[in-house]
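Predicted, not measured: the structure shown is a model, and the values here were computed from it.
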Amino acid sequence: MNTNANVLYTGKTHTTSGGRDGAARSTDGRLDIQLSSPGSTGEGTNPEQLFAAGWSACFIGAIGLAAGTLGVKLPAGLAVDAEVDLCNARGAYFLQARLNVHLPGLDQDTARALVDSAHQTCPYSKATRGNIDVQINLV
C-alpha cells in the first residue's frame, strides 16, 4: 500500500458465500446485486461484466482527461464497449480483454492519441498492464 497516497475514494462491498452464485452489496447500499456464474441461467450479473462496466466507465473518464490536455472536443457519440473474457488453458483460469472505443467524427490520429493517453492514465488499464492481454481498438 502507498501510505503517501491521497485516497480519493474507497469502494467497499460485502459478498456472501456462494461467490459467483452469491450476492454483493456495497456498504452504502447503492450497489445490491445477485451474482451468477457466466453462462448459467441465474438472474444475476457476474464479475466479468462488473469489471467490464467499471473499466469502460473509467476509460471514458481518462479519455476526457486526455481530451482536455490535448484541447480536443469529444464527440457526443463517445462510447466504450468492453469485453472481458474468462479463459481456461490447461486448468489455469485467466482474463483477457478488449476495449472497443467509439470516437465518431474524430480523425484517426487524434482518436489514437486520446486512446493511447487514456490507456496510460486509466487506473484499470494500469492494474491490468502486464497482467492480462488487452487490445484497445478504435471502431
Measuring only between side-chain heavy atoms, which start at C-beta, is [X] closer than 4.5 Å to [Y]?
X: Leu138; Y: Leu106; value: no
X: Gln135; Y: Gln96; value: no
X: Val101; Y: Val139; value: no

Under the side chain to side chain donor-acceptor pair (under 3.5 Å) test, residues paired with [X] that sit two or more places apart:
X: Asp28; answer: Ser26
X: Thr45; answer: Gln49
X: Thr16; answer: none
X: Thr69; answer: none

Name all residues meeting the side-chain contact (heavy atoms from CB on, under 4.5 Å) criterion together with [X]; count only those two or more places apart in sequence or in a different chain, and write none if there are none.
X: Asn2; answer: Asn4, Ala5
X: Asp109; answer: Asp107
X: Lys12; answer: Thr10, Thr27

Those residues at least two apart in sequence (or on a different chain) that pass salt bridge (Lys or Arg N to Asp or Glu O under 4.0 Å) with Asp116 are Arg112

Restricting to non-hydrogen atoms, name the atom on [X] and the atom on [Y] that form the minimum distance, rounded to 0.1 Å.
X: Cys122; Y: Ala62; result: CB-CB, 3.9 Å
X: Ile63; Y: Leu114; result: O-CD2, 4.3 Å
X: Ser117; Y: Ala66; result: OG-CB, 3.5 Å
X: Leu70; Y: Ala113; result: CD1-CB, 4.2 Å

Please collect all salt bridge (Lys or Arg N to Asp or Glu O under 4.0 Å) contacts where either partner lies in residues 39-63, sequence neighbours excluded, each pair once. Arg20-Glu48

Supply the members, apart from Leu50, of the Ile/Leu/Val/Met/Phe/Trp/Tyr cluster built from side-chain contacts under 4.5 Å; use none for a lone residue. Leu31, Ile33, Leu35

Option among Asp32, Thr13, Thr15 that satisfies the side-chain contact (heavy atoms from CB on, under 4.5 Å) test with Arg25: Asp32

Side chains of residues 74-83: which donor-acceptor pairs under 3.5 Å do they make with residues two or more places apart or in other chains?
| unit_1 | atom_1 | unit_2 | atom_2 | d |
| --- | --- | --- | --- | --- |
| Asp81 | OD2 | His102 | NE2 | 2.7 |
| Glu83 | OE1 | Arg98 | NE | 2.6 |
| Glu83 | OE1 | Arg98 | NH2 | 2.9 |
| Glu83 | OE2 | Asn100 | ND2 | 3.2 |

Can you tell me how far the CZ atom of Phe94 sits from the CG atom of Leu86, to the nearest 0.5 Å? 9.0 Å

Calculate, to the nearest 0.5 Å, the distance between atoms CG and CD1 belonging to Leu65 and Ile60 respectively. 12.5 Å

Sorted by first residue and then second, give each ring pair (Phe, Tyr, Trp, His ring centres under 6.0 Å) pair with at least one member in residues 17-54; sequence neighbours left out. Phe51-Trp55, Phe51-Tyr124

So, does Arg129 use its side chain to make a donor-acceptor pair with the main chain of His119 at under 3.5 Å? yes

